[in-house]
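In what follows, a single structure is set out as structure tokens and then discussed.
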Amino acid sequence: MRIVARMQDAKATFIPGLVSITFRKLSPEQIVERARAVRLQSIEWGGDVHVPHGDLDRARQVAKLTRDAGLAVAAYGSYYRAGGSELEGLPFQRVLATAVELGAPTIRVWAGKKGSRDATGPDRAAIADDLKRIADLAGGAKVTVSLEHHEGTLTDAIDSHRALLDAAPQVKTLWQPPHEESVEHNLASLRAVLDRLTNVHVFHWDPRTKEKHPLRNGAAKWRQYLDVIRTHGGTRHVLLEFLRNDDPEQLPEDAATLVQWIAEAK
């Protein structure tokens, strides 16, 4: 039975899942089994280890493995960087072909290699142009492109992130809370991209040391983030990432925390 949270007015739906690169050392079979055992329902498969770019046989195998376990593919977590990867030997067509075989509804990409403070006007234009190009290619295959909300890229500041979305109207975005910012700042960054939001990466880090902690310790923050997302409606995969000590044995506790938050949704 699917564990979802809905509001009658907004009809928001949360699907609890896992980012596969949380456990880079585990095989896809081990990841699927662990996700299913703790009542998660979807997986974002990473393009660096588990489903490498261009390995179509592996993509088909992992797609079947996921489906047979009753899980959904939430996204393809590629490491394509707009404005750069095409020139460095990673054509987007290879990424897209892999995502199609995997059955991924969206492809996660990065907004360049420079933070918003260091990027020049030409840098921004090149990234926006590439995003529009790859979004058109993906759209032809009925797949979307979603930005990674991440430091060191053009999504690292609210205004820059929003400007990039406005410059590339077909592009969507993921969101995760910048660990070094206040809750108020993170809520503002979330609200700024709600209309284009696909999925959310869920974790709890110490903002000073970047040490990973059990998800339950972040309840005060995450309940606020989920409440904001819930008000906008739509379907969102909320995906666990960065567990304490990168330990698979932490997964049952964090998954139970996430499922509880969803079950208690208003």
Side-chain angles (χ1 to χ4, degrees), residues 19-25 28 43-63 73-157 160-176 178 193 196 198-199 201 239 241-242:
V19 180
S20 78
I21 59 95
T22 303
F23 303 128
R24 282 193 168 92
K25 295 181 180 180
I43 299 174
E44 176 193 295
W45 288 105
D48 58 346
V49 175
H50 298 122
V51 185
H53 309 129
D55 192 338
L56 304 187
D57 287 339
R58 170 66 73 87
R60 286 188 284 268
Q61 292 166 3
V62 172
V73 175
Y76 182 42
S78 86
Y79 287 85
Y80 184 91
R81 288 184 182 264
S85 288
E86 197 83 28
L87 301 174
E88 296 171 356
L90 177 59
F92 184 75
Q93 285 282 20
R94 185 189 304 166
V95 175
L96 177 58
T98 312
V100 169
E101 294 297 335
L102 183 61
T106 195
I107 300 170
R108 173 169 57 82
V109 303
W110 292 57
K113 291 185 174 181
K114 295 180 181 179
S116 57
R117 292 184 178 181
D118 298 323
T120 65
D123 291 333
R124 294 174 183 276
I127 291 168
D129 286 346
D130 197 27
L131 285 173
K132 287 184 282 188
R133 181 186 68 86
I134 66 176
D136 283 343
L137 290 172
K142 298 183 179 179
V143 177
T144 61
V145 169
S146 293
L147 293 169
E148 171 87 349
H149 182 63
H150 205 278
E151 62 189 6
T153 74
L154 290 187
T155 64
D156 66 0
S160 177
H161 193 170
R162 185 67 235 184
L164 193 56
L165 290 173
D166 291 342
Q170 290 178 270
V171 173
K172 307 294 184 181
T173 193
L174 289 88
W175 186 83
Q176 60 194 36
V193 301
R196 306 280 278 280
T198 50
N199 302 331
H201 288 179
L239 305 163
E241 187 179 27
F242 302 133

Any donor-acceptor N or O pair under 3.5 Å, side chains His50, Ser20: yes
CG of Leu164 to CD1 of Ile127: how many Å apart, nearest 0.5 Å? 7.0 Å
Apply side chain to side chain contact (heavy atoms under 4.5 Å, CB included) to His161 and Leu154, showing your working. CA-CA 6 Å; His161 193 170; Leu154 290 187; over 6 Å; no
Check Ala168 against Ala128 and note the closest heavy-atom contact, atom names and distance. CB-O, 4.3 Å
What's the shortest heavy-atom distance between Ala138 and Val145, and which atoms? CB-CG2, 3.9 Å
Is there side-chain contact between Thr144 and Val171, with heavy atoms separated by less than 4.5 Å? no
Which distance, rounded to the nearest 0.5 Å, do you find between the CG of Leu147 and the OG1 of Thr153? 7.5 Å
Side chains of Arg58 and Glu101: does their closest heavy-atom pair fall under 4.5 Å? no
If you look at every heavy atom in Leu165 and Lys172, which pair is closest and at what distance? CD2-O, 3.9 Å
Roughly how far, to the nearest 0.5 Å, is the CG atom of Leu137 from the CD1 atom of Ile107? 9.5 Å
Nearest 0.5 angstrom please: Asp118 CG to Lys113 NZ, how far? 14.5 Å
Between Ala74 and Thr106 the two heavy atoms that sit nearest each other are O-CG2, 4.0 Å
Would you give the length of the straight line joining atom OG1 of Thr22 to atom CD1 of Ile43, rounded to the nearest 0.5 angstrom? 10.0 Å
Those residues at least two apart in sequence (or on a different chain) that pass ring-ring contact (aromatic ring centres under 6.0 Å, His included) with Phe242 are Phe203, Trp205
Verify whether one side chain among Thr173 and Ser146 offers a donor that lies under 3.5 Å from an acceptor in the other. no
Mind listing the closest non-hydrogen atom pair of Ser78 and Val109 along with its distance? OG-CG1, 3.8 Å
Short N-O contact, Asp156 and Arg117, less than 4.0 angstrom: no
Any side-chain to backbone donor/acceptor pair from Tyr76 onto Val51? Under 3.5 Å, distance only. yes
Which distance, rounded to the nearest 0.5 Å, do you find between the CZ of Arg108 and the CD of Glu148? 4.5 Å
Under a 4.0 Å N-O cut-off, is there an ion pair linking Glu86 with Arg133? yes
Taking the side chain as every heavy atom from C-beta outward, state whether Leu174 and His149 have any pair of such atoms under 4.5 Å apart. no
Using a strict threshold of under 4.0 Å (side-chain N to carboxylate O), is an ion pair present between Asp136 and Lys132? no
Any Ser160 side-chain heavy atom under 4.5 Å of Arg124 side chain: yes
Taking ring-ring contact (aromatic ring centres under 6.0 Å, His included) as the definition, give me every residue that meets it alongside His201, ordered by chain and number, with sequence neighbours left out. none
Lys NZ or Arg CZ of Arg94 over Tyr80 ring: under 6.0 Å, within 45°: no
Search all heavy atoms of Arg24 against all heavy atoms of Tyr79 and return the closest pair with its distance. NH2-OH, 3.2 Å
